[in-house]
Enquirer: 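Take a look at this one; I'll ask things after.
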Amino acid sequence: MTRGIALVRRPSDRLAEGLVTHIERTDVDVAQARRQHEAYRAALTEAGWQVREVAPADHCPDSVFVEDTVVVCDGLAVITRPGAPPRRPEIAGTEKAVREAGLEVVRIEAPGTLDGGDVLQVGTTVYVGEGGRTNAAAIAQLRAHLTPRGREVVTVPLRDVLHLKSAVTALPDGTLLALPDLLDASALRQPLRAVDEEAGCHVVPLGDDLVLLAASAPRTAALVADLGFTPVVVDISEYEKLEGCVTCLSVLIPGA
Ligand SMILES: NC(=O)NCCC[C@H](N)C(=O)O
């Protein structure tokens, strides 16, 4: 028995040309990135997920960051309209993959723009970061799609950060791990723990007590263990050079 499907997309040969917005560009070692992607996939498999590949989009340097192309909620896939125009061709392959996984499909339409990295689901609350990539028109569309599924969509204003999940994610018990300087935390409802490592606020609950996080956040891994969870640590240094984190390299479809 698996926990569900984990969609991933192999890194493009053009990965090193990926977008950078809030950090300096540094050289990406694509061969190393490929090895790290293999290890990331292996960690998901080991944690009980059936890893499935979205068809490659080698002409899109950022296509490995598959999370940004879809929001999955309760059997529904909301195909996004990425805020960065060069990333919009990425959505076709994702739509095919989620249809094959048996999900119902709807889309964010213009003038809405939304990146999956701006959407954090905690219980029935769906936080959406409004900032550089995601606008109010898209948030209204997402709300219309998810309200009938018993979700409450809450807007979180962002400052100087790529995505909401660059600044805050949640542990399996709903506790938020955050870098509070990067967002308006007053919108957040669950208990919040500030972390002192940039990569420490990006975690992915993998089921039971398992928590995926990056090797660049060792103090947060210790904190996660102290809180009674089991850290699953992966080195994603080459993706971090492109403002990627553990969340953006997969889309989890529980129960699929
Ligand atoms: N959800 C995410 O954290 N996505 C990371 C996207 C990084 C990519 N270089 C971008 O700027 O779109």
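Numbering of ligands and ligand atoms starts at 1, following listing order.
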Enquirer: Which is it for Y40 and S250 under the side-chain hydrogen bond (donor to acceptor under 3.5 Å, both in side chains) test, yes or no, and what are the steps along the way?
Expert: CA-CA 9 Å; Y40 180 92; S250 60; 2.7 Å; yes
Enquirer: Strictly under 4.0 Å, does any heavy atom of H163 approach an atom of ligand 1?
Expert: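 It does, in that a heavy atom of H163 comes within the 4.0 Å cut-off of ligand 1.
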Enquirer: Below 3.5 angstrom, do we get any N/O pair linking L19 and ligand 1?
Expert: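 Yes; the residue has a nitrogen or oxygen that sits under 3.5 Å from a nitrogen or oxygen of the ligand.
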Enquirer: What's the shortest distance from atom 8 (C) of ligand 1 to any protein heavy atom, and which residue and atom give it?
Expert: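 Answer for atom 8 (C) of ligand 1: D62 OD1, 3.2 Å.
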Enquirer: Report the C-alpha distance between R9 and D62 in whole Å, list the side-chain angles of each, state the deciding distance to 0.1 Å, and finish with yes or no for salt bridge (Lys or Arg N to Asp or Glu O under 4.0 Å).
Expert: CA-CA 10 Å; R9 195 173 220 168; D62 282 305; over 6 Å; no
Enquirer: Using only heavy-atom distances, determine whether the side chains of S216 and E197 contain a donor-acceptor pair under 3.5 Å.
Expert: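 Note: S216 and E197 side chains miss the donor-acceptor criterion.
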Enquirer: With respect to T247, which candidate in K165, E67, H202, H163 satisfies the side-chain hydrogen bond (donor to acceptor under 3.5 Å, both in side chains) definition?
Expert: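 Filter result, single survivor: E67.
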Enquirer: Applying salt bridge (Lys or Arg N to Asp or Glu O under 4.0 Å) between E53 and each of R41, R10, K96, report the one that passes.
Expert: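 Checked R41, R10, K96 against E53; only one passes salt bridge (Lys or Arg N to Asp or Glu O under 4.0 Å): R41.
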Enquirer: Is there a polar contact between ligand 1 and G244, counting only N or O atoms under 3.5 Å apart?
Expert: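 Not met; the criterion fails.
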Enquirer: Using distance alone, decide if ligand 1 has a nitrogen or oxygen within less than 3.5 Å of any nitrogen or oxygen in D115.
Expert: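 Between D115 and ligand 1, no N or O pair is found under 3.5 Å apart.
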Enquirer: Please name the residue in the list V168, T175, T125 that meets the side-chain contact (heavy atoms from CB on, under 4.5 Å) test with Q190.
Expert: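 Exactly one candidate clears the test, T125.
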Enquirer: Of the side chain and backbone of R133, name the one, both, or neither that has a heavy atom under 4.0 Å from an atom of ligand 1.
Expert: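 Only the side chain of R133 comes within reach of ligand 1.
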Enquirer: What atoms of ligand 1 come within less than 4.0 Å of a heavy atom belonging to L242?
Expert: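 Checking each atom against L242, I get 7 (C), 8 (C), 9 (N).
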Enquirer: Which part of E243 is near ligand 1, with near meaning a heavy atom under 4.0 Å away: side chain, backbone, both or neither?
Expert: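 Looking at E243 and ligand 1, just backbone atoms fall under 4.0 Å.
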Enquirer: Short question: side chain of D68, backbone of C248 - any donor-acceptor pair under 3.5 Å?
Expert: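 Checked: no pair found.
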Enquirer: Before accepting this row, confirm whether a basic side-chain N of the pair R189/E152 lies closer than 4.0 Å to the acidic partner's carboxylate O.
Expert: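 Answer for the salt bridge query: yes.
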Enquirer: Which residue supplies the protein heavy atom nearest to atom 2 (C) of ligand 1, what is that atom called, and how far is it?
Expert: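 Here the closest protein heavy atom is C248 CB, 2.9 Å.
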Enquirer: Give the numbers and elements of all ligand 1 atoms closer than 4.0 Å to a heavy atom of E67.
Expert: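 In order of numbering, the contacting atoms are 1 (N), 2 (C).
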Enquirer: Under 4.0 Å from ligand 1, counting heavy atoms only, is it the side chain of D68, its backbone, both or neither?
Expert: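 The answer is the side chain of D68.
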